[in-house]
Protein chains: 2
Amino acid sequence: MKYSKQRELILKTVRENRVHPTADYVYHFLKKDHPNLSLGTVYRNLNLLSENGDIRKICIPNARDRFDGRMDRHYHMVCQECAEVFDIELNCLSKLEEEISSRTDFTVHGYDVIITGVCHTCQHKLNESKKEVS
Amino acid sequence: MKYSKQRELILKTVRENRVHPTADYVYHFLKKDHPNLSLGTVYRNLNLLSENGDIRKICIPNARDRFDGRMDRHYHMVCQECAEVFDIELNCLSKLEEEISSRTDFTVHGYDVIITGVCHTCQHKLNESKKEVS
DNA sequence: ATAGGTGCAAAGTCTTTGCGCTTAA
DNA sequence: TTAAGCGCAAAGACTTTGCACCTAT
């Protein structure tokens, strides 16, 4: 693959901005200092990079796709209130691939775990507003 | 919630068609016998039903959302070749919620595991075409 | 009677793509 | 030199929504 400044910047942005950015986030983040950047280029490169295994695409119900620069084994928690995505390490999944291959004839390339719920901050806010009502 | 014939049909379709149908599938499936049905109604009801916990919405990278009428604990394998979705039961996830609550302050509502790879049929086809080349 | 649901079509949102120009190799 | 990549804008895919009509309660 031919080098491009844009791709380098996009990869850097996903790696360094640990918010699991959307394509739009990456675009606006870079647009400030690189006014010629186009959204199409961002999409093209995010897809390229995730196909190449340089970044991960995270698919979340009722939300747009996000990208993750961390390629080590970890999983994701999504807050239903604020829509933020948090990382988590889980021990009990270490045997997952093993179990799948022994129980099915499916060739496993990868897997993702998406935990949905409410983050600490939002839970706190919800508790506060409950108090106000009662 | 007020009863509607359309909603009943849509729920029945998702429950009985174990292909993890997309909204479009449900629409065309029912349209045959119910020509007045509109796609908007299908979307509205699929979203309603999944919010109510009657069905599950499955979000798959690079594919449209699918719906699942099985509400018991199980997970999903997606074939990257044919895009079909298969169910799988996994034992090692039984302690997952426990581990998350003990390790984080995240309130877990649910989680989904999406395993990507290649199904048996497609793997076979891939092997065949390799043979042809060599 | 009336709140909620439907059908329809239009509008939205997010993403991809065609094309002429640019640039890394 | 030239194939890959870019910027732009238009098109595409999928989903939501406003509104007038309909229907379960």
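Reminder, nothing fancy here: chain letters follow the sequence lines and each chain counts from 1. Everything numeric here is computed off the predicted structure, so don't read it as measured data.
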(message) Can you tell whether the side chains of A:Asp68 and A:Arg18 come within less than 4.0 Å, N to carboxylate O?
(response) no
(request) Identify whether the distance between the nearest side-chain nitrogen and carboxylate oxygen of B:Glu51 and B:Arg56 falls below 4.0 Å. (result) no
(message) Going by the rule salt bridge (charged side-chain N to carboxylate O under 4.0 Å, His left out), which residues pair with B:Arg73 if we only count those two or more places apart in sequence or in a different chain?
(response) B:Glu97
(request) Tell me, please, which residues at least two apart from B:Asp33 pass salt bridge (charged side-chain N to carboxylate O under 4.0 Å, His left out). (result) none
(request) Using side-chain hydrogen bond (donor to acceptor under 3.5 Å, both in side chains) as the criterion, list what pairs up with B:Arg15, not counting sequence neighbours. (result) none
(request) Tell me, please, which residues at least two apart from A:Thr116 pass side-chain hydrogen bond (donor to acceptor under 3.5 Å, both in side chains). (result) none
Do [X] and [Y] have side-chain N/O donor and acceptor atoms under 3.5 Å apart?
| X | Y | answer |
| --- | --- | --- |
| B:Thr107 | A:Gln123 | yes |
| A:Tyr25 | A:Asn17 | yes |
| A:Asn47 | A:Lys57 | yes |

(message) Show the nearest heavy-atom pair for residues B:Phe67 and B:Ile55, with the distance to one decimal.
(response) CD2-CD1, 3.7 Å
(request) List for me each residue that meets ring pair (Phe, Tyr, Trp, His ring centres under 6.0 Å) alongside A:His20, sequence neighbours excluded, and say none if there are none. (result) A:His76
(request) For DNA chain C, find the residues of residues 62-70 of chain A with a heavy-atom distance under 4.0 Å and give them by number; none if there aren't any. (result) A:Arg64, A:Asp65
(message) What residues from residues 12-40 of chain B pass a heavy-atom cutoff of under 4.0 Å to DNA chain C?
(response) B:Asn36, B:Leu37, B:Ser38
(request) Starting from B:Ile60, walk the hydrophobic network (Ile, Leu, Val, Met, Phe, Trp, Tyr; side-chain heavy atoms closer than 4.5 Å) and list everyone else you reach, by chain and number. (result) B:Ile58, B:Val78, B:Val85, B:Ile114
With the criterion being N/O to N/O and under 3.5 Å, what pairs connect the protein with nucleotides 23-25 of chain D, and how long is each?
unit_1	atom_1	unit_2	atom_2	d
D:dT23	O2	B:Lys2	NZ	2.9

(message) Tell me whether the NZ or CZ atom of B:Lys32 lies within the 45° cone about the ring axis of B:Phe29 and under 6.0 Å from its centre.
(response) yes
(request) Using five base pairs at each end, measure the axis-to-axis angle across the helix from C:dA1-D:dT25 to C:dA25-D:dT1 and round it to 10 degrees. (result) 40°
(request) Could you tell me from which nucleotide to which nucleotide of DNA chain C, 5' to 3', there is an atom under 4.0 Å from chain B heavy atoms? (result) C:dA3 to C:dC8
(message) When you measure from the side chain of A:His28 to the backbone of A:Asp24, do you find a donor-acceptor pair of N or O atoms at a distance under 3.5 Å?
(response) yes
(request) Would you confirm whether A:Asp54, through its side chain, and A:Ser50, through its main-chain N or O, come within 3.5 Å as a donor-acceptor pair? (result) no
(message) If hydrophobic clusters are built by linking Ile, Leu, Val, Met, Phe, Trp and Tyr wherever their side-chain heavy atoms come under 4.5 Å apart, do B:Val19 and B:Leu49 end up in the same one?
(response) yes
(request) State plainly whether one hydrophobic cluster holds both A:Leu48 and A:Leu30, where clusters connect Ile, Leu, Val, Met, Phe, Trp and Tyr through side-chain heavy atoms under 4.5 angstrom apart. (result) no
Set out, line by line, the N/O atom pairs under 3.5 Å between protein and nucleotides 18-21 of chain D.
unit_1	atom_1	unit_2	atom_2	d
D:dG18	O6	B:Arg44	NH1	3.4

